[in-house]
Amino acid sequence: MKEFPKKYNPTESEQSWAKKWQQSDLYSFKSGQAREESFVVDTPPPTVSGSLHIGHVFSYTHTDMVTRYKRMKGYNIMYPMGWDDNGLPTERRVQNKFAIRCNPSLSYDDSWSPSEAKAKTKSSEVSRQNFIESCGLVTQEDEKAFEELWRRLGLSVDWDEQYATIDSHCRKISQLSFLDLWNKGFIYQNESPTMWDVDFQTALAQADIEDRESPGAYHDIRFAVDGGESFVISTTRPELLVSCIAVVAHPDDERYQKFFNKTAVTPLFGAKVPIRPSEHADPEKGSGILMVCTFGDAADVDWWKTSGLGIKQSIGKNGRMLELEFGSGPFSSIDSAKAGEFYSDLVGLKVHQARKKVAELLATPGTCPLNVDATSMDCALVGEPKAISHPVKYYEKGDRPIEFITTRQWFVEILKHKQPLLEQGKKIAWHPSHMHTRYHNWVEGLNQDWCISRQRFFGVPFPVWYKVLDSGEVDFSNPLFASVEKLPVDPFTDCPEGYSENQRARPGGFVEDPDVMDTWATSSLTPQLVSNWGLDEKKHGEVFPMDLRPQSHEIIRTWAFYTIAKAWMHSNEIPWKNVVISGWILDPDRKKMSKSKGNVVTPQNLLDDYSSDAVRYWTARARLGVDTAYDESVFKVGRKLSTKLFNASKFVLGFFAEESVSSLSLENVTVAVDRSFLSSLRKTVEEASRSFEKFDYATALSVSEQSFWNFCDNYLELIKIRAYGAEGVSNDDRLSALVALRVGLETYLRLFAPVMPFITEEIWSWYFADTSIFNHHGENNSIHLSSWPEGSDFSGLKETGQETDLLGLAGEVLSQVRTAKSDAQKKLKWPVDNLVVEVGKENLDSVKKLVDDIIRAGNVLNNALELREANEGLDGKLVRTSIILAEEEVQKA
RNA sequence: AGGCGCGUAGCUCAGUUGGCUAGAGCACUUCCUUGACGUGGAAGGGGUCAGCGGUUCGAGUCCGCUCGUGCCUACCA
C-alpha cells in the first residue's frame with residue numbers, strides 16, 4: 001500500500017500524472033495488429049488560431065472519454081492529433097502580427113525575419129516565401145500552446161501521430177489526392193464566373209459562403225424599348241446597369257409579353273439589350289421584369305450560361321469599377337461618348353460608392369434620354385430608392401459581399417455525384433441520428449461544383465505547371481503535372497519534368513500554377529493523412545476506414561461532407577463508421593460562444609480553479625449534439641465528486657492498509673446486503689457499458705455517479721461498523737463487507753477513469769496498481785490500461801436467489817431514522833431508544849437480514865429494534881417506522 | 001419560406017419501448033461542528049411537464065394544431 005495524502009491537491013497531482021503519462025507509452029498505437037482490434041479516431045485538427053477557448057476543451061474531452069473507454073476495453077487505439085495551420089486565418093493573423101503583406105512578385109530575402117509589429121505600424125511587403133515562413137513561425141508557437149493544454153486536460157493522444165496541414169507530409173498527400181482525382185476524372189479546370197471575395201481577392205466555394213441580412217434599396221429604373229415604349233425594372237444593384245446584358249420577364253407575364261424579342265436600351269450607357277422570357281423571373285417580385293447583369297448573382301450566372309450572350313465585366317477583382325471603353329468590344333452603345341462620360345464618374349469606385357453615384361446620375365434631369373425615342377423622359381430613376389433589408393452572400397470570413405467574377409479555377413465535380421454521396425451518408429452512423437438529415441439536406445441543396453483553388457499563399461500549391469507557347473501565350477489546356485515520386489512539389493521553385501529553371505515564364509518554357517488549394521482540400525483528407533494513404537499500404541489497412549469522426553454540427557457541410565466525398569472518389573469507401581456530433585457552448589445569454597462575439601471563457605483559469613477532472617466532468621454532463629450553457633456550478637459538482645472519490649477511497653483502503661486480508665474472493669461475500677450492493681453495481685456496470693457503446697458518455701457517467709453516491713451515503717454508512725469489526729461481529733461477516741468494499745471501489749474507479757483520469761489514476765496507484773487482477777494489459781499498471789468493468793466480473797458472486805433490493809430497503813429505514821433525528825435537531829449519531837420497523841409481508845424476511853447493520857448504523861440502543869409485518873397499507877412506501885430517540889446522548893451499552 | 005431540434009422546479013438539465021404519487025444537481029431554508037469526507041453531512045420547501053385538441057384503462061412520453069426559441073438550408077431582380 002502506497003502512502004496516500006491526507007488532503008487532495010488536484011493541481012499538484014494532475015501535473016505530476018500528466019508528466020508521468022508523457023514519459024510513458026501509455027497511449028501509443030501498436031502497429032501490426034488487425035484492423036478489428038483497433039479503434040481509430042479521426043481527430044479534428046483545430047485551427048491554430050492563437051487563442052484557446054472553452055469550446056475546444058468541451059468537444060475534445062468528449063472524444064477522449066470515448067477513447068479511454070475503448071482503450072480499457074482492450075482496443076489498440078489510434079488517437080492522433082493534427083493542427084490546421086494552413087489557410088486564411090493564419091495569413092490574416094500573420095499580416096497583423098508582423099504588419100506584412102505578401103507580394104508574390106518580390107523575390108525571397110533570406111536575411112529578413114519577421115518581428116512583432118508595434119501598434120499602427122504601416123505594413124511592408126515581403127516575398128511569398130518570406131510570408132510563408134512567417135506563417136510557419138506563428139503556427140508552431142500556437143501548436144505548442146495547444147499541446148500543453150491538451151496534456152493538462154489529460155487527452156490521451158498518441159503524440160507520435162502528429163501532423164500539421166501545411167507540413168510536408170500533408171502537402172504530399174494533398175497533391176497526391178489532387179493527381180488521383182484528376183486521373184479518375186473528378187477534376188476539371190475552367191474559366192468561368194466564380195464567387196469571389198474582393199478583400200481577400202480569392203475564389204470561394206459554396207461551403208465558404210453565408211447569407212447575412214443586410215440593408216439595401218430597390219431602385220426603380222426606366223428602360224426604353226426600341227420602337228418607343230418603356231418599362232421599369234426594380235433593382236438593388238444599379239451599379240451593375242453597365243453590365244446589363246439582357247432584360248427578362250416571366251413567359252406568362254402579360255404585361256411584358258409584347259416586349260419579348262424586342263430590344264431595350266439601358267439608361268446612361270445606351271446599350272441595346274435583348275428582352276427575353278425566362279422562367280426564373282417572378283412576376284410577384286419587384287416590377288416583374290429584371291435586368292440580367294454579368295454578374296449580379298447566381299441566377300445571372302445560370303441564365304448567362306444558356307443565353308449565348310457575352311460578358312460585360314465591370315467589377316474588378318479588388319471590388320472597384322474597372323476602366324471600360326465604350327463603343328468597342330462588349331460595351332457597345334448608341335452614344336458611346338455620352339456613356340463614357342457618365343461612366344468616368346464611376347471608374348475606380350468601390351461597389352457601394354458606385355451604387356450611390358449611379359443613383360445620383362439616374363436621378364439627375366437630363367442625364368437620361370439616351371433612349372431612342374423618349375423625349376419626355378429626363379430622369380430614369382422613378383421615385384426615391386426604397387430601403388429594404390435582404391439576405392446578401394458573404395464569404396464567412398469576409399466583410400464585404402462577394403461578387404461573381406470570371407477567373408480560371410480548379411473544380412472538383414460533385415453535382416453529378418449527389419446520388420452516390422447521399423448513399424455514402426446513409427452508410428455512416430450519425431450520433432445523434434438526426435444529424436444525418438443535415439448532411440442529406442446539404443448534399444441535396446448543392447448547386448456548384450467544389451472550387452478548390454484559392455488565390456492565396458499559405459496553403460498547399462497545385463503540383464501543376466503550364467507550357468508557355470512560342471507566342472508567349474500560356475497553354476492552359478494541357479497542364480503539366482508533377483510525377484508522384486517528386487511530391488510534394490512547389491511549382492514556384494521546382495520545374496516540370498524536362499524543363500529547367502531558366503525556362504520559367506519564357507516563350508517555349510513554362511509557368512507555375514500560381515494558386516493554393518482550399519484548406520478543406522487538405523482537411524478533407526484527415527483520415528488519409530493519418531493512414532498514410534498512397535504511401536504506406538500496410539498502415540492504411542490497419543486504420544482505414546476509421547471508427548470515429550468527432551465534430552461539431554456547423555461543419556457537417558464542409559468537413560464531414562468533403563471527407564465523405566474524397567473517400568468515395570479515391571477508393572469508394574466511407575471514411576469512418578461513426579460521426580459523433582458535439583453541441584456548442586452557449587454563454588449564459590444562450591448565444592454561441594465565439595471569439596468574434598468577445599464572450600469567450602479561456603480554459604486556463606478554469607483548470608486552475610476547478611482542476612482538469614472537474615472541467616472534464618462538466619463536459620461529460622453534456623449530451624451529444626445538445627448545446628450546453630456555460631454554468632460554473634457544474635464545475636463545482638465535478639470537484640465535489642472528485643473530492644468524494646478521494647475521501648471514500650481513503651476510507652475504504654484504510655481497511656487494507658495495515659492488515660492483510662487473506663481472501664478477497666467474491667465467494668466470501670456472504671452477507672445478504674453486501675451481495676445486494678454488488679448485484680446493483682453489476683447492473684450499473686452493464687448500463688454504463690451499454691451507454692459507452694453508443695458513445696453516450698453522459699449516461700454512463702450519470703448512472704455511475706448515482707450508484708457511487710448511493711454507495712457512499714447508504715452502503716458505507718450501513719456497513720462501516722461491521723467493517724471496523726465492532727464487538728459481536730463475526731469474522732465472516734466482516735470479511736464479507738471488506739470484499740464488497742474492495743470490489744466496489746475497484747469498480748467505481750474504473751467506471752470513472754474515462755471521465756476523471758487524474759483522480760482515478762492517483763487512487764489506483766495507492767493500492768490497485770499493485771494488486772488488481774484487472775491490470776492485465778502489460779507492464780504498465782495504469783488504471784487507463786486496466787480493463788473496463790464487465791458484468792462477468794461479478795460472476796463469482798453467490799446467487800442470493802432473490803431479487804429484493806436490500807440496500808434500497810435499508811436506505812429507506814436509515815433515511816427515516818435520519819429524518820427523525822434531523823427533525824429533532826439532533827446529530828446523526830444520536831442514540832435511538834426504540835425503533836419499530838413495519839414492512840410488507842413479502843419483505844419481512846429480507847429486512848430480518850438487515851437488522852444488525854441497521855442497529856449499528858442508526859445507533860439503536862440495546863438492540864431495541866422491533867420488526868413487524870405491516871397490517872395496514874404503507875401508502876406506497878416500502879417501510880414505515882416509528883422512532884423514539886434517546887433523552888440524552890448516552891453511550892451505547 | 002422549408003428542414004431539423006428544443007420548450008419539465010428560480011437556474012442547468014435527466015426522464016428508455018406510454019405505467020409518474022414527475023426526478024437530479026445548483027441555488028434557497030433548517031439542522032449537524034467532523035472517527036472517510038466542512039472543498040463535508042442530514043433533512044426540507046419548491047413543478048396545471050409551453051398551450052389547445054386527439055388516441056388510450058392510463059400521456060411529460062404517441063398523433064395533430066398553435067405559440068415561443070435555436071440551428072441548418074433557400075431567398076441579392
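Keep in mind that this is a model prediction, so the values were computed, not measured. By convention in this document, chain letters (A, B, ...) are assigned in the order of the sequence lines, proteins followed by strands, and residues within each chain are numbered from 1.
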Closest nucleotide among [options] to the [X] side chain:
X      : options             : result
A:H553 : B:C71, B:A74, B:U39 : B:C71
A:K644 : B:C72, B:G40, B:C4  : B:G40
A:D713 : B:U12, B:C75, B:G41 : B:G41

Using the benzene-type ring in the case of Trp, are the ring centres of [X] and [Y] under 6.0 Å apart?
X      : Y      : value
A:Y617 : A:Y610 : no
A:F231 : A:F259 : yes
A:F404 : A:W196 : no

Which part of the nucleic acid, if any, lies within contact of [X], taking any heavy atom under 4.0 Å across all strands shown: a base, the sugar-phosphate backbone alone, or nothing?
X      : answer
A:W830 : nothing
A:L828 : sugar-phosphate
A:T819 : sugar-phosphate
A:R557 : sugar-phosphate
A:E403 : nothing
A:F646 : nothing
A:A298 : nothing
A:R818 : sugar-phosphate
A:W303 : nothing

Would A:Y630 and A:E632 count as having a side-chain donor-acceptor pair, cut-off 3.5 Å?
yes

Can you check the distance between B:C13 and B:G60, where both ends of the measurement are the C1' atom (answer in whole Å)?
15 Å

Reading nucleotides 26-31 of chain B from 5' to 3' and marking B where a protein heavy atom lies under 4.0 Å of the base, S where only the sugar-phosphate is that close, and - otherwise, the string is S---SS

Under 3.5 Å for both donor-acceptor distances, Watson-Crick or wobble: does [N] have a partner, and if so which one?
N     : value
B:A42 : B:U30
B:A14 : none
B:G7  : B:C67

Residue-phosphate contact under 4.0 Å: [X] side-chain N/O, [N] OP1/OP2:
X      : N     : result
A:K720 : B:G35 : no
A:S815 : B:A43 : yes
A:K829 : B:G41 : no

Pairwise 5' ranking along RNA chain B for A:E717 and A:I402, keeping only the more 5' one
A:E717

Could you tell me the separation between the CG atom of A:D627 and the P atom of B:G70, rounded to a whole number of Å?
12 Å

